[in-house]
Asks: 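Could you have a look at this structure, given as structure tokens, before my questions?
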There are 2 protein chains.
Amino acid sequence: MTLQRIAADQPPLATIASIGDHVGQEVTLRGWLYNLRSSGKIAFPQLRDGTGIIQCVAFKKALGAEAFDVLTHLGQESSLVVVGEVRADDRAPGGYELKISRFHVIQDAKGYPIAPKEHGPAFLHDHRHLWVRSRRQQAILRLRHLSVQAIRHYFDSRGYVLFDSPIFTPNACEGTSTLFETEYFGRPAYLTQSGQLYQEAGAMAFGRTYCFGPTFRAEKSGTRRHLTEFWMVEPEIAFADLDDIMDIAEDFLVEIVAFVVDKGRRHLETLERDVSRLENIVKPFPRITYDEACAQLAGLGVPVEPEDDFGSPHETRLTQEYDRPVMVHRYPTAVKAFYMKEDPANPARVLGVDVLAPEGYGEIIGGGAREDDLDVLIRKIAEHRLPQEYFEWFLDLRRYGTVPHGGFGMGLERFVAWICGIPHIRETIPFPRTIDRLTP
Amino acid sequence: MTLQRIAADQPPLATIASIGDHVGQEVTLRGWLYNLRSSGKIAFPQLRDGTGIIQCVAFKKALGAEAFDVLTHLGQESSLVVVGEVRADDRAPGGYELKISRFHVIQDAKGYPIAPKEHGPAFLHDHRHLWVRSRRQQAILRLRHLSVQAIRHYFDSRGYVLFDSPIFTPNACEGTSTLFETEYFGRPAYLTQSGQLYQEAGAMAFGRTYCFGPTFRAEKSGTRRHLTEFWMVEPEIAFADLDDIMDIAEDFLVEIVAFVVDKGRRHLETLERDVSRLENIVKPFPRITYDEACAQLAGLGVPVEPEDDFGSPHETRLTQEYDRPVMVHRYPTAVKAFYMKEDPANPARVLGVDVLAPEGYGEIIGGGAREDDLDVLIRKIAEHRLPQEYFEWFLDLRRYGTVPHGGFGMGLERFVAWICGIPHIRETIPFPRTIDRLTP
């Protein structure tokens, strides 16, 4: 790697994240200029290397006038290799400082578009490929990564088998209004909105499975809670009823929130997130029926239309009453999907549950028990005016060894937005896609 | 869970995978009938519960004539709850046997389409939602899951940041012939063929990133090595040259193969895989140039057209000469993508590498150093007759802090097919999509 080499006696490479291991030593760092302050004799360049940001100090006398002049005129995001001594310094952000003895400029970058000043969201999203270099966006995306690790670890460590659902699906079962369509060798194919039906095949094969991949909705409303392309995790469990699904969803959320808080504390601090709100996420979560929630909402002055689904205002208001996620179960049969199992105690209600995140974040999980009776499922398909032939493979799961089962789906970006305490989910994914954004 | 309850004094639930912890105890198992042999007085039902398969034994005298008759007439894949005593028995497959004392039938399934006889591949793929219950398909899909775990662990434990590339992309940069197109609110969008360009933005922000998601190619040839929808992992590393990329690809493959062999040995045995071939995958891998490989292939009687890319026959023949993956580097510039960095020693060659798996499996990894010079990259875009305006965001990565960098992509299904030692990659994904298959 001759290009990054300053000299034959170059000190060992280090990263900013582990700079504390090198106090008192000379090291080599490679990265980009994040910021720079200087007076005539001393300069404080901030270097970022992707693992963190460190304040450096450079003295004109030590570097020589020419090199000092080069350094202090570098543009933001210039790429460089720096050699210097690591010093512990409580006054420095992060607690360490690098005293530069030599440096090598790879590129002096001029005119970096994202100056350390306020930009509008459209400008920043137009420059998303550069915006991801900022401290705040890095914190959000690292919390996304930690969330993914926590989610996969939860299922991997409990015997769930990863069973990727397909993206291409053959039928527009529930109408094409929110589906993306593509031509598939002369016939139409649609991009998946949910992997659930395929997970049911998985659960009957492996007992418990999950998928975790991108899903697609041609959402025509550009709200702060919708993306056209988002990642969803969907576990499915054989031999489970609604209570089991609520137990699992609760246990899952408690564990993954604790994991992300534990491993991501410094990123949450970067975002100035009130971590105590997340440390509050412990069992048990309140479990209330839809009918109880409606009565509560009426009392709060936000009534729900009889037998109607909740809207965003209802979810927001209801969750403001709780300091942890609330589980609303037994929704009206009329507003829910055909595969939801009816409540034997009241066929006007289904054994489904939505988990609403606190602080006004609203639904992050939806799931429940699936209809496992072949004849009832055939009737429900007819009642929903769906073509039975599209579902023959799905009905096979009830013909050959049906068992009670259920599962849920959680949208990754909604979860991350809640964890980060940010209002809009579009910052929780590297390259957001919305009704008015397909670039960069 | 009343439905699964046999009686108030039901013994504790167990799974077949951990049945060895319960020798001498009565347990409850829930699952499906995999197979059944019986004489007039004794029956040997095989039960599967998703975690494994166990041989049970049932005596007519102990169960009673009526219950024994029910049990011995159950159809394949009937769902049931079984109570019995666990016994260690070296003669039983798996080493344990369950002596049934009671059972409860959830559903007696009749006419399960996949009988224990030979079926053709089209029939099996038409019944993929049921076929995944078979021992062999379960072994393959569990090895897929282990592979995913190994891959993610490799990058997560080395400071790479997960940086999901988008699926929807705005431009058909390299022609539309193998792209799937969709209408995106009045304009065209294309499904990603590779997340690499976006990973380059990630590497400049985080130092090293990876993405791991579905990618799409409208492959018009229905070969055993192509799917239209497949999963690809793509790491990208700042401050890296071709030798670094080859080092990382080698280290990566050695670690993930060892992980899968270690954790998946019993699944490999189910597939009758020659595990010694995989235990052979150690450093160093042979590294040969394209020109050296061409000379070798000419000697083997499979000449390559001058300056042409390798075809499947070349890869197959070449890899038969080696007992571990072979790295072929420095391909002709003319056959490779515009973003590949030219070899300073010979502009007719690029600093790219393909890693070819042994035993005739061929290419599983492609990657190399990326062109990091703005002016050269602009020239290459023009030479490839690509519209520069589509790449302005990508060129920004060279305008603002460019550094030497590179990465690679590995197709998950090709890797899993090699690990499993199976000829066709369509069995390595739960629901394969090919030119002639979009269902179930």
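Side-chain atoms are counted along with the backbone in the values below, which use heavy atoms only and exclude waters and symmetry mates. Below, chains carry the letters A, B, ... as their sequence lines are ordered, and counting in each starts from 1.
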Asks: How long is the gap from CG on B:L191 to CG on A:L191, to the nearest 0.5 Å?
Replies: 5.5 Å

Asks: Could you tell me whether the side chain of B:Q138 and the main chain of A:A205 form a donor-acceptor pair under 3.5 Å?
Replies: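 Checked: pair present.
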
Asks: Between A:Y112 and chain B, which part of the residue has a heavy atom less than 4.5 Å away: side chain, backbone, both or neither?
Replies: both

Asks: Which answer fits A:P214, side chain, backbone, both or neither, if we ask what part of it has an atom under 4.5 Å from a heavy atom of chain B?
Replies: side chain

Asks: Determine whether the side chains of B:H145 and A:D156 contain a donor N or O and an acceptor N or O closer than 3.5 Å.
Replies: yes

Asks: Less than 6.0 angstrom separating the ring centers of B:F431 and A:F163, yes or no?
Replies: yes

Asks: Contact part of A:I429 toward chain B, heavy-atom cut-off under 4.5 Å: side chain, backbone, both or neither?
Replies: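 Neither; nothing under 4.5 Å.
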
Asks: Do B:F239 and A:W32 have ring centres separated by under 6.0 Å?
Replies: yes

Asks: If you count heavy-atom pairs within less than 4.5 Å of chain B, which of A:K220, A:Q76, A:E181 leads?
Replies: A:E181

Asks: Please state whether the side chain, the backbone, both or neither of B:S147 comes within less than 4.5 Å of a heavy atom of chain A.
Replies: neither

Asks: By a 4.5 Å heavy-atom criterion (distance strictly below it), what part of B:R399 contacts chain A: side chain, backbone, both, or neither?
Replies: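 Contact with chain A involves the backbone of B:R399 alone.
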
Asks: Would you say that B:V403 contacts A:R30 through its side chain, given a criterion of any heavy-atom pair below 4.5 Å between the two side chains?
Replies: no

Asks: Taking every non-hydrogen pair under 4.5 Å, which of B:C211, B:G186, B:P113 racks up the most with chain A?
Replies: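 Counting heavy-atom pairs under 4.5 Å, the top option is B:P113.
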
Asks: Do you know which of B:T434, B:T169, B:T15, B:D243 has the most heavy-atom pairs with chain A at a distance under 4.5 angstrom?
Replies: B:T434

Asks: If you count heavy-atom pairs within less than 4.5 Å of chain B, which of A:L438, A:T182, A:D126 leads?
Replies: A:L438

Asks: Tell me, side chain or backbone of A:Q199 under 4.5 Å from chain B's heavy atoms, or both, or neither?
Replies: neither

Asks: Please check if the distance between the ring centroids of A:F168 and B:F180 is under 6.0 Å.
Replies: yes

Asks: Who among B:D396, B:V148, B:T51 has the most heavy-atom pairs with chain A under 4.5 Å?
Replies: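 Highest number of pairs under 4.5 Å: B:D396.
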
Asks: Are the side chain of B:Q149 and the backbone of A:H153 linked by a donor-acceptor contact shorter than 3.5 Å?
Replies: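 Flag not set: sc B:Q149 to bb A:H153 has no pair under 3.5 Å.
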
Asks: Return yes if some donor-acceptor pair links the side-chain N/O of A:E77 with the main-chain N/O of B:Y400 below 3.5 Å, else return no.
Replies: no

Asks: Hey, does the side chain of B:S79 reach the backbone of A:T402 with a donor-acceptor pair shorter than 3.5 angstrom?
Replies: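 A pair under 3.5 Å: yes.
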
Asks: Taking A:V132, A:I435, A:T439 one by one, which has the highest count of heavy-atom pairs under 4.5 Å against chain B?
Replies: A:I435

Asks: Would you say that B:L141 contacts A:F206 through its side chain, given a criterion of any heavy-atom pair below 4.5 Å between the two side chains?
Replies: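 The answer is yes; the side chains approach within 4.5 Å.
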
Asks: Determine the minimum heavy-atom distance between B:R187 and A:D436, stating which atoms define it.
Replies: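 What the structure gives for the nearest pair is NH2-C, 3.8 Å.
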
Asks: Against chain B, label A:R48 side chain, backbone, both or neither, depending on which of its atoms sit under 4.5 Å from a heavy atom there.
Replies: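 Interface part for A:R48: side chain.
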
Asks: Select, from A:K110, A:R398, A:M204, A:R128, the one with the greatest count of heavy-atom pairs under 4.5 Å involving chain B.
Replies: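 Highest number of heavy-atom pairs under 4.5 Å: A:M204.
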
Asks: For a quick check under 3.5 Å, do A:T228 and B:Y184 share a side-chain donor-acceptor pair by atom type?
Replies: yes

Asks: Mind checking the CG-CZ spacing from A:L397 to B:R133? Nearest 0.5 Å is all I need.
Replies: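 Answer for the CG-CZ pair, A:L397 versus B:R133, is 6.0 Å.
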
Asks: Answer with side chain, backbone, both or neither: which region of B:F212 has an atom nearer than 4.5 Å to a non-hydrogen atom of chain A?
Replies: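 For B:F212, backbone heavy atoms alone lie under 4.5 Å from chain A.
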
Asks: Does any non-hydrogen side-chain atom of A:R144 lie less than 4.5 Å from one of B:D164?
Replies: yes

Asks: Below 4.5 Å from any heavy atom of chain A, which atoms of B:A203 appear? Answer side chain, backbone, both or neither.
Replies: backbone

Asks: Among B:A17, B:G52, B:G111, B:P166, which residue forms the greatest number of heavy-atom pairs with chain A at distances under 4.5 Å?
Replies: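 The residue among B:A17, B:G52, B:G111, B:P166 with the greatest pair count is B:P166.
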
Asks: So, for A:G213 and B:W231, which heavy atoms are closest and what is the spacing to 0.1 Å?
Replies: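 Taking A:G213 first and B:W231 second, the nearest heavy atoms are CA-CH2, 4.1 Å.
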
Asks: Top residue by heavy-atom pair count (under 4.5 Å) with chain B, among A:S165, A:P170, A:S134?
Replies: A:P170

Asks: Using a cut-off of under 4.5 Å for heavy-atom pairs, which of A:V161, A:L146, A:I167 has the most such pairs with chain B?
Replies: A:I167

Asks: Under a 4.5 Å heavy-atom cutoff, which of B:G50, B:A109, B:G401, B:G207 has the most pairs with chain A?
Replies: B:G401

Asks: Of all the heavy-atom pairs spanning B:R433 and A:Y198, show the shortest one and how long it is.
Replies: NH2-OH, 3.5 Å

Asks: If I measure from the heavy atoms of chain A, does B:Y160 come under 4.5 Å with its side chain, its backbone, both, or neither?
Replies: backbone

